[in-house]
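First comes the structure, then the notes that go with it.
To find a chain, count down the sequence lines: A is the first, B the second, and so on, and within it residues start at 1.
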Amino acid sequence: MPGKLKAKIVAGRHLPVMDRASDLTDAFVEVKFGNTTFKTDVYPKSLNPQWNSEWFKFEVDDEDLQDEPLQITVLDHDTYSANDAIGKVYIDIDPLLSSEAATVISGWFPIYDTIHGIRGEINVLVKVDLFNDLNRFRQSSCGVKFFCTTSIPRCYRAALVHGFVEELVVNEDPEYQWIDRIRTPRASNEARQRLISLMSGELQRKIGLKVLEMGGNAVVGYLQCFDLEGESGLVVRAIGTACTLDKLIPGTGSNTITHTNTAPASNACNSPSKEIKEPVFSEDPTHPLSVPPTPLRTLPPSSSPPPFSPSKPCSRQSSSSDTDLSLTPKMGMGSGISVGKEAGPLKTLLRQQAQSALEQREFPFFTLTCFPPGFLVHIGGVVSARSVKLLDRIHNPDEPETRDAWWEEIRQEIKSHAKALGCHAVVGYSESTTICEEVCILSASGTAAMLNPRFMREGCLDAGGSDQRLSRQPPLGMVGSERAEGEVSSSWLGFDDASPPSCGFCHIPYDEFNMPFPAQLTYCYHCRRQKVPDVLFTTIDLPAEAAVTGKGCLIQARLCRTKKKAQGEVNATAISNLLPFMEYELHTQLMNKLKLRCMNALFGLRIQISVGENMLLGLASATGVYLSALPAPGGIQIAGKTPSDLSYDQHISTMQKRINDTIVMNKELYNIHPPECIEEVVGSPIPDRQRSRLFRSTSESSDELSELDLSHGKKDAFVLEIDDTDAVEDIQSLLTDAPMPAGFYSCNTEVMPGIYNWTSGLQMFTSVRVYRLNNANLTNQGLNKIFTDLCENLLKSLYFKLRSMIPCCLCHLNFTVAVPEEELIQVAVTAVAMSFDKETQLAADKALNEGSGENEEQLQFSMELCGESTSSNNQPTAKASGLPESAMTHSSSRVSSSERCSPLPEVRSRSLRSTRSLPCGAPVTVVKMTPLSFLPMTRIVKYLGIINMFFIRETTSLREEGGVSGFLHSFIAEVFAMVRAHVAALGGNAVVSYSMKECVFMENPNKNQAQCLINVSGDAVIFVRESDQEAIPPLITSGQTSTTGADGTT
Amino acid sequence: MSVELDVFVVNTTIMDEEVYQLWLDGYTVNDAVKVRMEGGVLEGCEASAEVLHSDTMDQYRTFQMCERLLHSPVKLANQLLFQIPPHRQVMLIERYYAFDSVFVREVLGKKLSKGTKKDLDDVSAKTGVTLKSCRRQFDNFKRVFKVVEELKGPLVENIRQHFLLSDKLARDYAAIVFFANNRFETGKKKLHYLTFQDFAFCAGQLISNWTVGALDNMVEDMDVDLEKEFLQDLKELKILITDRDLLDQHKSLVCTALRGKTKAFNEMEANFKNLSRGLVNIAAKLTNTKEVRDFFIDLVEKFIEPCRSDKWTAGDMRLYLTHYTNSAHVLDTFKHQVVWDRYMGVIKSCILKMYHD
């Protein structure tokens, strides 16, 4: 079915001088789509040409519209020789294909050349007229919305979550084709950029088709990756979660959400005592499961593949499938079925409902990391699988079966792991690869979970929950209704024992008498009715409703392992043999560091293993928190194997003391005060006597942390045996993690638990470092030290550079490691620093610490809140009841207060742009970028489409461009600039869920050359400041009408 | 282990003003790190010199990338590469175009040519301003000069619009351009006591009173050159010293007015003819471009120095010049009142500005 694509080339500015004689340029533009090319006239002798061309019209299939980018090439006309290319702009027109996204692309785009970088800018207008498609057998999927955001996007509600979608397409890499030997680097780079753009388009279209087949209209948590397999080809693959999304009409359904956002200091609700008001708490003497669980081991949960006992709760490695598949536990299936008998009929009912909803799906996976309230029922733990493969040439690009089969295998494994944990679904699911020469490690990980089946069946899911995450907690005014809704949903489910949202997800989904791995279970510290594990590892974000004590922090485990250089099969086997050890050690490190910080749960866990020719790097990042529902973590006890030696004992006890001191210090730092201390101050519905009895039984060890205690065998204590130098090193490294400077917090999740009052100040940054290991003969220990120092130094550097934002939190701090060459380690970080208000934070902390019972302070606090929420409630009312004056003053004052972030001037300038032919004077729109799914103090009013860009930059004059750092610095700055320009052209003022998914850097300093490939993605959005949201809708419409007005004249 | 590559790029480019100043002042990265360490930037941060070095490198690279844009500040506002908040842009430009008064004093009135640029290392050695910074300042002068040279309309306004400078800085640049264009001699030993601000003030006076643009802003020409006709007319003033009657008449008028009002009266009376000859001769010679260059040195030699040796106070000077100017109006045979006022108005304010130690 055809559509009509229209493009108009308006003007250029800041063009480079192409004619040395006149210091000017004779520029013209080629506009290409598919196989059709149009040209503008030559605008002679100007660096700021005004082409003001006619509308170039392309009549094309919508299939092509989805696959192809619009390609704009700016050239310098030369009468006697070939025209010189100045640069290109690729415009993805996908956002124009969805009625709810952008309607026009209009703005200044940087003209990009892969050799010279940005060379001036060009002003372009693009539109699409799409005819309705009624063909059932169509190959296109126009209109399916894509979101990188891994939660239900704000301003939408999920009517239905369909589930996992995946697709991959393969092709030969132009860089490795024979023709590459004879063409210029520029031609080769452009061929590659174009191919990848085409492949991304095709991939998106195919995924869209799958979504339509499932009956959905959107993909959320869309994750697209490239595998540059070198000789064997180029793979572009994507996964996502198909949903049916309903747009929330602003002003009606979203009103309540709006107000949940506006409450700036609703932290008080976070206190544990609120949850205790829940009717669910009751000590049930007849409960058959109230017997305290017998501790199974003093060591943490461990399964037992030889020769160590990898103690991760549930992640297992699958090495190269042909070498040892036997690692995959076979008991998984069995326990999945037998689960539930002992757990009571209700649990079984839930299980059955969920299973029936999920069973028809091949892979009950969800790429979401953040869910509407009630979606997650229980979490089992992290499931992961890895597989080492040998790459071979992809013979037929149209039949990418091998790669499909590889992923299929891994997903099956993940699914069986999840079953072993008594879970029927995997959330926070992601896939990744690492490639070195012909060896490729495929990895997948996620969090096994039980989901509420109603979300899979019919529309009853509300985006309100996900929105509330912004303020983390509903304001007091909302609590009532929220509660009511919670009750409705639980009664709808038919469960009397529906767990309170603040702790329900922690309750074990598996059967405690048939546990997939040994774990210490206790009764939930929150509701006291269900069992919880002693630690919980997940790949998802902390659920908004979770009850957390204190603040969280970034926890990283880092590991380096040397490996002999090898080829082919031998190499693959060597790597697959190393993997289990690496995962084990990473896990141990995480566990130790978690305990050291007195925390009991990890969120956003991401384990990356990267292969190089002679080493493997492992980096695990997560955000540690203290979940109030889980037992207090025991301390770390050091045990020596040879207790006879006195000096040895001395050594151990000093070390023990250091550890204990660190724990005490961390508790203070992260504001972790175990609940019993708090509740003794506050009057709460539970009688003190009873509660203290309850708590005391399990929390003795935490009291002892502060004193030097070497007695072993405390059941909660985590024993580290130092019987060799390795262990000593481990402990040393445990203690060398430098504390964060005052005023800083960090996490790799969306936001930091315990911080609520964000200001609008934020700064997104990307930092890349490459280290050369000069001494070739390094031991594992030495490498570990270097790698750890490297990460620590990078963090220190970040803290220093961002010191002006204090108090602030580095959010979404995700490291990517790579071994680009022998002896090189590359670390890349993209994150956002967000400042928060110290004053209110202090007040909130105080309120939190002093508890929020019915004491006076609490009351005052809530009064203030109510005052605020009513005033914000009044505004729309006043406007609705016909008081234009007040509305006018409101909006004008807001405009002035909103200064640079407000989209108002931007909307105006856009409408001007389309009517005026010479927009040179228009100010550049400020575009905010963030890896998070939201911007604090703002509300996203519209999603304009996905940004998915791939750039190559090459230089043959590396020294002249300031060396490798100068080269990469300007390239990253250019990538930011191009992302901002595309967002601004779509009419947006921010990119959310931004990520740099690929940064491949290669250098050859001897030849003075370097090349870099960067892939970035995100969601283009329009946001409004929370204070001026009512003023926006009319303005947007006026903007649109004026644009259509301009259309009429053209 | 060595760091091969180390970059940090932010979405909203915010530069550290201190580091920017160090960069502008031509410090090397290592020196800048030293200065920052001594400045105590690391206090309160648990950071090492290494971290500081990395940060300084990042900022220096950013400045270098921005430098191209700073050469045409208007571009800075609508370029897309760096997202810089407007108030920061203003700061970047203003600081980039700021100059050291010791440096400008050395090149003021010199031709902004390659030859002068070659001698900058001497200037650097003499002033203590780093060569890098000298080059930047020199290039700034030259760039501004080249741009406004071709433009019509008021000089200060042109500079302000094309370089987005503050009014103060735009005026200073106008002075620099004006001096460079007319090649006024400022380097003679006798002129050393004068500061750049003295000259800038005088330049302002000359620009607003003696150029073509001074009378009519709409004139096609610009106000970098002195008005030819006016300079021709100045020759007519010679009658004040060549006509003996007129000279005596003028003297008696001035002396009558000054008598009893100043301690230096006797010296004034004695020197009147010399001083008057000095000033009128300066006026008469201005048609000759070479003499124009010596304008300031002439003022000092022919007028300021004699007065200073007679120990006139600033008040004496003002009094004398006021009456000297006004008395000419009473002379019946003196017909060139308008030219006289236009000449003396500038001369008076210049001398008053220049009359100090």
B:D119 and B:K110: salt bridge (Lys or Arg N to Asp or Glu O under 4.0 Å), yes or no, with the steps? CA-CA 11 Å; B:D119 300 336; B:K110 285 193 185 145; over 6 Å; no

Run A:R769 and A:S797 through side chain to side chain donor-acceptor pair (under 3.5 Å) and show every step you take. CA-CA 11 Å; A:R769 282 190 180 188; A:S797 206; 2.8 Å; yes

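Within the structure, salt bridge (Lys or Arg N to Asp or Glu O under 4.0 Å) contacts touching residues 136-148 of chain B (residues at least two apart or in different chains) are B:K117-B:D139.
Between the side chains of B:H71 and B:N140, no donor N or O sits under 3.5 Å from an acceptor N or O.
Side chain of A:S965 to backbone of B:D6: a donor-acceptor contact under 3.5 angstrom is found.
For the set A:I825, A:L762, A:V927, the count of heavy-atom pairs under 4.5 angstrom toward chain B peaks at A:V927. No other option in A:H14, A:M764, A:M929 has as many heavy-atom pairs under 4.5 Å with chain B as A:H14. By number of non-hydrogen pairs under 4.5 angstrom with chain B, the leading residue of A:S970, A:P1005, A:G962 is A:S970.
In the displayed structure, A:M1002 atom CE is contacted under 6.0 Å by more than 12 heavy atoms of other residues, nucleotides or ligands.
Of the two parts of A:A973, the backbone and the side chain both hold a non-hydrogen atom closer than 4.5 Å to a non-hydrogen atom of chain B. Heavy-atom distances place no part of A:V979 under 4.5 Å from chain B, backbone and side chain included. Looking at A:F967, neither its backbone nor its side chain comes within 4.5 Å of chain B, counting heavy atoms on both sides. Only the side chain of B:E50 has a heavy atom closer than 4.5 Å to any heavy atom of chain A. For B:T62, the parts sitting under 4.5 Å from any heavy atom of chain A are the backbone and the side chain alike. Using a 4.5 Å cut-off between heavy atoms, A:L802 touches chain B through its side chain atoms alone. When heavy atoms are compared at a cutoff of 4.5 Å, A:E974 approaches chain B by way of both its backbone and its side chain. At a 4.5 Å heavy-atom cutoff, A:Y799 makes no contact with chain B through either its backbone or its side chain. Heavy atoms closer than 4.5 Å to chain A are found in the side chain of B:D16, but not in its backbone. Heavy-atom distances place the side chain of A:E1003, and not its backbone, under 4.5 Å from chain B.
Taking the side chain as every heavy atom from C-beta outward, B:L22 and B:Y60 approach each other to under 4.5 Å.
Aromatic ring centres of B:F99 and B:F141 lie closer together than 6.0 Å.
A cation-pi arrangement is absent between B:R135 and B:F138 under the rule of less than 6.0 angstrom and at most 45 degrees off the ring axis.
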